[in-house]
Structure formats: structure tokens, C-alpha cells
Amino acid sequence: MKRNVQIVPPEKFANLKLKNPKKRAAGIPAVISSLRHISEEMGVWKGIKVLNKMNKKDGFDCPGCAWPDPDGKRSVLGEYCENGAKAIAEEATKKRVDGEFFEKYSVEELSQWSDYEIGKSGRITQPMYLGAGKSHYTQISWEEAFELIGSKLKSLNSPDEAVFYTSGRTSNEAAYMYQLFVRQYGTNNLPDCSNMCHESSGTGLSETVGIGKGSVTLEDLHEAEVIVVMGQNPGTNHPRMLTALEKCKKNGGQIISVNPIPEAGSNVFIDPQNPLSILKGGTQLCDQYIQVKINGDVALLKAVMLMMLEEELKNPGTVFDHEFIQKHCIGYDTFLESLQNIDLKDAISASGVSEKEVRSMAELLIQKKKIIVCWAMGLTQHQNGVQNIREIVNLLLLKGSIGKPGAGTCPVRGHSNVQGDRTMGIWEKPKDDFLDALDNHFGILSPRKHGYDVVECIKAMNESKVKVFIAMGGNFISATPDSEHTGKAMQNCDLTVQISTKLNRSHLVTGTEAIILPCLSRSEMDVQAGGKQFVTVENSMGVVHKSKGDFKPASPTLKSEPAIVAEIAQAVFGNNPVNWANMSNNYNIIRDHISETIKGFENFNEKIKNPSGFYLPNGARDRKFNTDTGKAKFSVNPIPKREIQPGNLIMMTIRTHDQYNTTIYGMQDRYRGIENERRVVLMSDEDMKEKNLNNEDVVHLKSHYKGEERLAHNFKIVRYNIAKGCIGTYFPETNVLVPLDNVAKGSNTPASKFIEVEIIKA
Ligand SMILES: Nc1nc2c(c(=O)[nH]1)N[C@H]1C(S)=C(S)[C@@H](COP(=O)(O)OP(=O)(O)OC[C@H]3O[C@@H](n4cnc5c(=O)[nH]c(N)nc54)[C@H](O)[C@@H]3O)O[C@H]1N2
Ligand SMILES: Nc1nc2c(c(=O)[nH]1)N[C@H]1C(S)=C(S)[C@@H](COP(=O)(O)OP(=O)(O)OC[C@H]3O[C@@H](n4cnc5c(=O)[nH]c(N)nc54)[C@H](O)[C@@H]3O)O[C@H]1N2
Ligand SMILES: [Mo]
């Protein structure tokens with residue numbers, strides 16, 4: 001019998017308060033907010049001690065975003081930001097979810113709590129088991145838990161009946177062991193959060209420039225003449241990026257922000273670590289704000305490139321970098337022909353931007369030679385997400401703006417080690433040579449058939465093809481699209497296992513049986529038989545470096561992620577032919593295996609001694625394009641056309657300033673002036689007038705997709721400076737409206753930034 005649990009967050013209102021959106025990011029309010037979060041969760045003294053260790057060369061990597069630390073000197077105050085402080089407060093909290101907690105609350109009862117309340121309950125302290133038909137989790141020993149998981153895995157008809165999810169906080173060492181175990185077990189079912197995140201970037205970049213990662217370094221951002229920030233909200237999601245943008249400005253660079261809403265960080269930035277900056281009132285970061293409509297980016301880029309072409313034809317050789325194009329690229333003529341077939345007026349109109357503004361963007365780019373484009377979810381989470389990225393590459397190739405100082409591609413990653421996890425082989429579509437190296441080194445036989453990504457996994461669960469689901473971190477239920485559907489699919493599994501630090505909805509919406517395995521967090525000391533251990537991570541710019549926790553674990557019972565993987569693997573295979581026990585006793589041994597099987601990690605244990613870490617090889621950075629032709633490719637990407645019903649609006653699902661993905665830190669979206677309420681709809685004044693709506697009016701949202709309808713109740717209208725025809729809502733409350741089949745072509749990433757929605761007055 002299925003438990004009657006709440007799959008989507010309860011549709012209850014909190015207590016909305018509206019203020020004016022902020023024009024300035026960071027500064028004193030950010031410092032106050034950091035201190036409030038750390039003192040509430042762990043007390044002021046521990047808080048300050050913890051912050052001091054974060055992103056120091058001998059400390060631990062911030063569990064927030066993947067923005068890099070400076071290679072050289074680090075700030076004496078530590079390299080952290082308000083939201084990094086919140087991330088650490090969240091995991092270093094003094095609150096505990098223990099056996100008593102689970103005795104008190106049933107799973108059904110907990111599922112009625114908001115995500116905010118669930119997250120605030122604290123750190124999980126011991127392994128827990130939810131038996132078939134049972135209402136409450138009960139304590140289980142580690143031995144029993146591993147035995148149960150091992151015997152279940154051994155009993156399946158095919159290894160493909162098991163799925164192994166990963167979120168992006170997992171260290172390189174744990175990720176490497178995890179994927180190795182999964183391959184020894186016999187499947188490539190390794191979906192990860194990246195499938196919902198930068199998969200479109202990886203796909204688009206691999207095809208065109210031969211590497212699925214960005215090409216720039218932090219230094220490049222400082223040296224760029226122009227940085228275009230597209231579909232990204234750095235002030236909230238990558239606050240330390242603002243320091244890099246500020247340096248670029250100080251060096252004479254200019255910044256263009258392309259976004260349906262003017263986000264605070266793109267305006268004025270006050271460096272909270274610099275008293276002078278606070279006194280002066282900060283730096284004006286953004287030179288041009290381009291209010292594109294949702295998914296108007298390809299059209300905008302086309303219009304800009306057409307204007308560049310006009311100028312190039314007038315003054316040949318002054319705009320495009322012909323030497324670079326000739327030497328390093330293919331597909332230029334075909335691309336040019338397709339561009340010339342586009343009507344400038346059509347492109348401008350499809351972008352939603354005025355001709356004057358498009359021209360000012362084009363004029364700036366015409367003059368400059370060192371251009372960087374940064375982007376995040378505003379570009380990847382569209383049906384044409386891969387094409388968005390390829391169009392950015394077209395622009396950079398025309399200008400020869402890749403593989404030289406101050407220029408290149410900059411997909412700004414989300415989770416702090418999502419890029420490293422992929423490098424370590426967390427991928428449902430591994431390359432044969434990667435698997436060959438594992439097989440030769442370990443004497444295993446890895447499967448060659450590709451596995452499920454996130455969306456395919458949900459479909460397979462729904463068809464009862466998946467019996468066991470194991471998650472290395474994350475919150476699959478709340479992060480994935482089509483919540484109701486996904487929840488039911490998850491409930492079809494026999495056993496679901498969550499390796500987690502904190503409680504979330506995925507512990508409540510489970511298979512028939514469920515297990516929680518509580519693990520150490522990154523800031524905590526990790527001691528194994530071989531002594532005190534450290535792990536490594538890779539940041540957004542391909543730098544691999546150490547991360548060493550220093551604090552007392554939240555509970556003596558916790559195990560590290562590598563230890564947990566080793567014990568699951570031993571429960572299935574013993575130590576043959578892979579010696580799992582050796583690896584989890586001493587992480588140097590894991591790194592030695594990585595050295596021998598993954599390119600770029602030769603002498604890993606030696607290289608990692610450098611306190612700043614080391615750069616992985618990056619062909620595009622050196623103008624060595626590892627595509628099938630050895631050249632960078634121009635591509636043809638039509639302007640996307642998606643008809644929506646008259647009266648309906650296009651919805652993007654975005655993050656507030658007070659959350660980390662599905663972890664809700666608090667209820668304040670401070671920069672946007674929206675406080676104490678997450679069930680809101682950001683709408684333009686024009687659309688409100690057309691629909692006869694006022695601020696705080698209550699509405700329901702119905703999404704429409706190929707004849708399918710999905711409904712979410714109770715949202716309040718908030719008047720906002722957003723492109724006409726577009727609305728913004730918060731993730732994960734509106735994931736219930738995101739259709740499972742609404743995905744990016746080529747990357748299968750859910751198109752969470754383009755959902756056709758009907759507004760229904762309550
Ligand atoms: N504090 C904090 N930090 C985080 C996270 C967090 O939740 N909290 N999450 C981490 C993760 S996993 C990720 S992936 C990143 C996410 O970082 P972001 O991508 O910055 O996060 P989103 O809130 O999804 O913001 C998307 C931005 O794109 C804009 N946008 C939406 N649609 C379009 C479009 O069609 N075109 C254009 N040009 N813009 C559009 C939105 O207005 C918004 O500003 O942040 C990481 N860092
Ligand atoms: N509608 C909509 N949906 C989206 C997005 C969107 O913009 N809109 N964004 C997508 C994106 S970009 C991403 S990356 C995904 C995120 O998807 P996930 O990565 O699955 O989700 P998170 O909320 O980051 O996971 C948080 C949980 O991870 C666990 N955790 C935290 N730290 C650790 C650790 O050190 N070890 C372990 N083992 N567990 C830990 C905690 O239990 C916590 O509750 O969501 C996607 N979903
Ligand atoms: Mo992400």
C-alpha cells in the first residue's frame with residue numbers, strides 16, 4: 001500500500017510583504033544577513049571559525065557554487081559571500097534529526113511541512129529504515145543497511161533495474177568510486193543534477209569547440225574588454241563573480257546583461273569585504289541592460305551578428321577575425337549564408353528588444369576583440385538550449401574571441417563539484433575509451449550500453465522498470481520536473497536509498513522500502529583507518545584543488561561518502577577484483593587510481609600538494625579544438641518559434657536570494673523586494689492591466705503542453721519589471737507545472753525556463 005504523502009510543497013500562503021527591488025548588491029545588508037544565518041544555526045563563534053576556513057588554501061571548498069578562488073593571494077577574511085555563509089550555516093547547524101525525531105513524526109506528517117520547515121529540522125544523525133507499509137522511519141545499524149542494499153542489488157534480474165543518481169556536491173574521490181562501483185555492477189544508469197543544469201552547455205560546446213567545459217580562467221574575466229552575462233543572476237547565485245566583474249570594470253572593460261528582469265548584481269555591486277567599497281557606495285557594474293523576452297536570445301544574437309555583418313561588409317576586415325576563422329574554423333560560409341537569409345526586423349522583433357538597444361549592443365561588440373560570454377540556466381533550460389549555446393559560440397568565433405587572453409566561453413556552473421563529478425565519470429553516456437581505461441586497470445567489464453539520464457529515469461520508473469534507486473546527495477523529488485508524475489514514479493520502486501546530510505522531500509516520497517544513510521559534510525573532519533583525509537573538487541574553470549574539513553562531525557555515527565560507497569560495493573562484491581577497503585582507508589589510493597585512468601590527473605597526489613591546485617588540460621583554451629575535424633565549428637540555429645495560445649504567458653522558474661536549489665534558507669528574496677512569500681508570480685504592469693489584475697491578487701496557474709494540462713494553486717501577483725508576455729515564479733513550487741517531455745533537444749534537459757501558462761483568477 002502506498003503512503004499518502006504530499007509530493008509537491010503544500011499550497012499554503014505565508015505572509016507576503018513587498019518592497020522596492022534593490023539596485024545594489026551585497027554591501028552591509030549582505031554581511032548582516034550572513035551573520036544572522038550563521039548565528040541562528042550554529043552560534044556566532046563557531047560561525048566565524050567556520051567562515052574563516054572556507055575557501056582558504058588549507059580549508060574546505062565552499063559547498064555553495066562552483067565559482068573559482070583566486071590562484072594567488074586570498075582575502076584575509078576568506079573568500080566567501082553571503083550565500084556561501086548561508087550554505088555553510090545550513091550544514092553546520094546545531095539542530096539534529098535523530099531517531100527520536102522520526103519516532104515523533106510520521107512520513108506522511110512530515111510531508112505536510114513546507115520545504116523550508118523540512119530543511120530547518122537539522123542534520124540527520126543515524127541510518128534510518130522505512131519498512132514496507134510502515135508509517136515511521138526506525139533506526140537501523142550500518143551493517144544491516146549495507147546488507148539490505150547489497151542483497152537487494154544482487155537479487156535484481158538485470159543491473160539496469162537499478163539507478164544511481166548524483167548531485168553535484170560529491171567530491172572527486174567519492175564520485176570516482178561511485179561510478180566505478182556502478183560499472184562493476186553492470187549499468188550506466190548514472191543520471192545526475194547536471195542533466196537538469198548545464199547539460200545543454202556540455203552538448204553545445206563539445207560539438208562546436210571540442211570540450212564540454214568553459215574555456216576561460218578567472219584572469220581572463222579580469223582582462224576582458226566586454227563580458228556579456230546572459231540568462232544568469234550572479235548577484236544571488238554566484239556572488240563572488242561580482243568581484244571578477246568589478247575587476248574587469250576597473251581595467252576598463254564593459255558589461256552587458258541580457259535578462260528578462262534586471263537582476264540586482266548586474267547593477268551596482270558593493271564588495272562586502274572591502275570597507276572602501278562600502279563607503280563609496282560600490283561600483284556600477286552593468287553598462288547595458290538588454291531586456292530580452294524569455295527565449296529571445298537566439299533572435300537577439302542573430303540581430304547583433306547581422307548588424308556586425310553590415311559593418312564588416314562596409315569596412316572589410318574590421319569586425320570579424322578572418323585569420324582566426326580561416327585557420328581554426330569550419331562552416332563559416334554556410335553560417336554566413338544562413339545569417340544573410342534572416343530578416344533583421346524579424347530577428348529584432350523575436351528578441352523582444354528595441355532596435356536601438358540591439359544596435360548599442362552590436363556597436364560595442366563591433367569595436368572589441370576580447371569578449372567573454374557568461375551564461376547559466378536562463379539559456380540552458382530551453383527546448384533549444386543546445387542551440388542557444390551554439391549561437392554564443394558563433395558570435396565568439398566571428399570575433400576570434402576564444403583561446404586567447406580575455407576571451408572565451410564561460411558557462412557558470414551550479415553545484416560546487418558538478419564539473420568534477422562529470423570528469424570522474426558520473427555520466428550516463430560514457431565514452432568507450434573512458435570505460436576501456438577502467439576495465440584495463442581494474443580487471444572489470446564495464447557495460448557499453450548507455451544508461452538513463454534524469455528524464456529517462458523518471459519514465460523508466462513510471463513503467464516499473466526501476467526497482468532500486470540510490471541517490472548520492474540531492475533532492476530528486478523536488479528538483480525534477482513534473483512533480484506529481486515523478487513522485488508516483490518514485491513510489492513504484494521497491495527500495496530507495498538516500499545518502500544525505502539533511503532531510504528533504506526525497507526522504508518522504510519513497511519506494512516501498514526506504515533507507516537514509518547520513519554522511520559527513522564538507523566542512524567536517526574525515527578520519528579513516530589511514531588517518532585524517534582530504535578530498536578534491538574541480539571548479540567552474542577546470543582547476544582541481546583540495547578541500548579539507550576541520551570541524552567535529554554532526555554525529556559520531558556519520559560516515560564519509562567514499563566509506564559509504566566502499567561498503568555498498570563490498571556488500572555486493574567483497575574486495576574482488578577492486579579493493580574497496582583500501583581506497584576508503586586512504587584516499588591517496590583513490591587518487592592513485594584516478595591518476596592511472598583519467599587524462600590530466602597524472603601524478604595527482606603530487607600535483608594536489610600545490611595549495612592553489614592545478615589546471616586540467618583544456619583544448620579550446622589553447623585553440624586546439626578536439627572536434628571530429630580538429631576545427632571549431634560554426635553552426636546554423638534557426639530562431640525558435642513556439643506558438644502559444646493568445647492570453648497565455650511564458651513562465652520561467654527561478655531561484656530566490658534565500659535558497660539553494662531545493663533547500664530553502666529563508667523567505668526573503670531581498671534583492672527583488674519580495675519578502676515572506678514564495679508563492680508569487682512576477683508579472684509586468686502591462687500584462688497585469690490586460691488581465692485586470694492587481695498586486696497581491698490570488699491566482700492559480702495552469703500549464704499547457706501538447707494538450708496536457710497541469711495545475712498549481714494559490715499564487716500572489718507581484719508587479720515587476722519583467723519583459724511583457726513573460727512571468728517568473730520560484731522553483732521548486734512550480735515544478736509541478738513543468739511537463740516531463742518539455743526538454744531540450746540534444747541534451748534532454750527539462751525546459752524549466754519556458755512553460756506556457758494560463759492565469760486563472762481565484
Ligand atoms: N545562492 C545560491 N547559489 C546557487 C544556487 C542556488 O540555488 N542558490 N544554485 C546553484 C546551481 S545548481 C545553479 S545551476 C546556478 C544557477 O544560477 P542561475 O542560472 O543564475 O539561476 P536561476 O535562478 O535559474 O536564474 C536564471 C536567470 O536567467 C534569467 N532567464 C530566464 N529565462 C531566460 C531567457 O530565456 N533568456 C535570458 N537571457 N535570461 C533568462 C532569469 O531571469 C534569471 O536571472 O546557481 C548555483 N548557485
Ligand atoms: N523548475 C526548475 N527545476 C530545476 C531547476 C530550475 O532552475 N527550475 N534547476 C535545476 C538545477 S540547475 C539543478 S543543479 C537541480 C538540483 O538538484 P539536486 O542537486 O538534486 O538538489 P539540491 O537541492 O541541490 O539537493 C539538496 C540536498 O542535497 C543533500 N546534500 C547537501 N550537501 C550534501 C553533501 O555534502 N553530501 C550529500 N550526500 N548530500 C548532500 C541534502 O540532503 C540536501 O537536501 O535542480 C534542477 N531543477
Ligand atoms: Mo545547477
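What you are looking at is a predicted structure, and each value in this text was computed from that prediction instead of being measured. Whatever order the structure lists ligands and atoms in, that order sets their numbers, starting from 1. Side chains included, hydrogens not; waters and symmetry mates left out as well; all remaining heavy atoms used.
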Open item on the list: Quick test: of every protein heavy atom, which one is nearest to atom 33 (C) of ligand 1, and how far off is it to 0.1 Å?
Closed with: Gly378 O, 3.4 Å

Task: Shortest protein contact, atom 47 (N) of ligand 1 (heavy atom only) - done: Asn237 O, 2.9 Å

Task: Proximity to ligand 1 by part of Arg413, non-hydrogen separation under 4.0 Å - done: neither

TODO: Give the residue and atom name of whichever protein heavy atom lies nearest to atom 31 (C) of ligand 1, and the separation in Å to one decimal.
DONE: Met652 SD, 3.1 Å

Open item on the list: Could you tell me if the side chain of Glu199 sits less than 4.5 Å from the side chain of Asn748, heavy atoms only?
Closed with: no

Task: Ile294-ligand 1 polar pair, N/O distance under 3.5 Å - done: no

Open item on the list: Closer than 3.5 angstrom, by distance alone: can the side chain of Lys548 be matched with the main-chain N or O of Met525 as a donor-acceptor pair?
Closed with: no

- [ ] Establish, yes or no, whether the cationic atom of Arg679 lies under 6.0 Å from the six-membered ring centre of Phe715 and within 45° of the ring axis.
- [x] yes

Open item on the list: Regarding Arg123 and Glu41, does a basic nitrogen lie under 4.0 Å from an acidic carboxylate oxygen?
Closed with: no

Task: Atom indices of ligand 1 within 4.0 angstrom of Asn295 heavy atoms, with elements - done: 34 (C), 35 (O)

Open item on the list: Starting from atom 43 (C) of ligand 1, what is the nearest protein heavy atom, named by residue and atom, and what distance separates them?
Closed with: Glu263 OE2, 3.5 Å

- [ ] Using atom types as modelled and distance alone, determine if a side-chain donor or acceptor of Arg522 lies under 3.5 Å from a backbone N or O of Arg169.
- [x] yes

- [ ] Could you list the atoms of ligand 2 found under 4.0 angstrom from a heavy atom of Gly473?
- [x] 37 (C), 38 (N), 39 (N)

Open item on the list: Let me confirm one number: the CD-OG distance from Gln232 to Ser257, rounded to the nearest 0.5 Å.
Closed with: 9.0 Å

TODO: If you have a sec, work out which protein heavy atom is nearest atom 12 (S) of ligand 1 and how many Å separate them, to one decimal?
DONE: Asn661 ND2, 3.3 Å

Open item on the list: Using a 4.0 Å cut-off to any heavy atom of Ser167, which atoms of ligand 2 qualify?
Closed with: 18 (P), 19 (O)

TODO: From the options Tyr730, Tyr665, Tyr660, Trp375, select the one whose nearest heavy atom is closest to atom 4 (C) of ligand 1.
DONE: Tyr660

Task: Minimum non-hydrogen distance to atom 15 (C) of ligand 1, winning option of Met377, His238, His415 - done: His238

- [ ] Could you list the atoms of ligand 2 found under 4.0 angstrom from a heavy atom of Cys519?
- [x] 36 (N), 37 (C), 38 (N)

- [ ] May I ask you to decide if Pro234's main-chain N or O and Glu263's side chain share a donor-acceptor pair within less than 3.5 Å?
- [x] no

Task: Heavy-atom side-chain contact between Asn83 and His657 under 4.5 Å - done: yes

Task: Nearest option to atom 41 (C) of ligand 1, as decided by whichever heavy atom of Ile650, Asn259, Ile290 sits closest - done: Asn259

Task: Winner among Asn233, Leu379, Thr662, Thr663 once heavy atoms are compared against atom 20 (O) of ligand 1 - done: Asn233

- [ ] Identify the protein heavy atom lying closest to atom 8 (N) of ligand 1, giving its residue, its atom name and the separation to 0.1 Å.
- [x] Gln659 O, 2.7 Å

Open item on the list: I'd like to check which ligand 2 atoms, numbered from 1 as shown, lie under 4.0 Å from a non-hydrogen atom of Ser752.
Closed with: 1 (N), 2 (C), 3 (N), 8 (N)

- [ ] Compare Tyr165, Phe731, Phe476 and give the one whose heavy atom is closest to atom 3 (N) of ligand 2.
- [x] Phe731

Task: His507/Phe102 aromatic ring centres below 6.0 Å - done: no

- [ ] Find all atoms of ligand 1 within a distance of less than 4.0 Å from any non-hydrogen atom belonging to Val258, and give their numbers and elements.
- [x] 38 (N)

Task: The one among Asp297, Ile261, Val412 that brings a heavy atom closest to atom 36 (N) of ligand 1 - done: Asp297

Task: Per atom 14 (S) of ligand 1, closest listed option by heavy atom (Gly728, Ala723, Gly474, Cys197) - done: Cys197

Open item on the list: Which residue and atom name correspond to the protein heavy atom nearest atom 11 (C) of ligand 1, and how close is it?
Closed with: Gly414 CA, 3.2 Å

Open item on the list: For Lys502, is there an ion pair with Glu90 - N to carboxylate O distance below 4.0 angstrom?
Closed with: yes

Open item on the list: Closer than 3.5 angstrom, by distance alone: can the side chain of Arg670 be matched with the main-chain N or O of Lys22 as a donor-acceptor pair?
Closed with: no

TODO: Below 4.0 angstrom from a heavy atom of Asn83, which ligand 1 atoms are there? Numbered from 1 as shown, please.
DONE: 1 (N)

Open item on the list: Checking a contact table here: which protein heavy atom is nearest atom 23 (O) of ligand 1, and how many Å away?
Closed with: Arg655 N, 2.9 Å

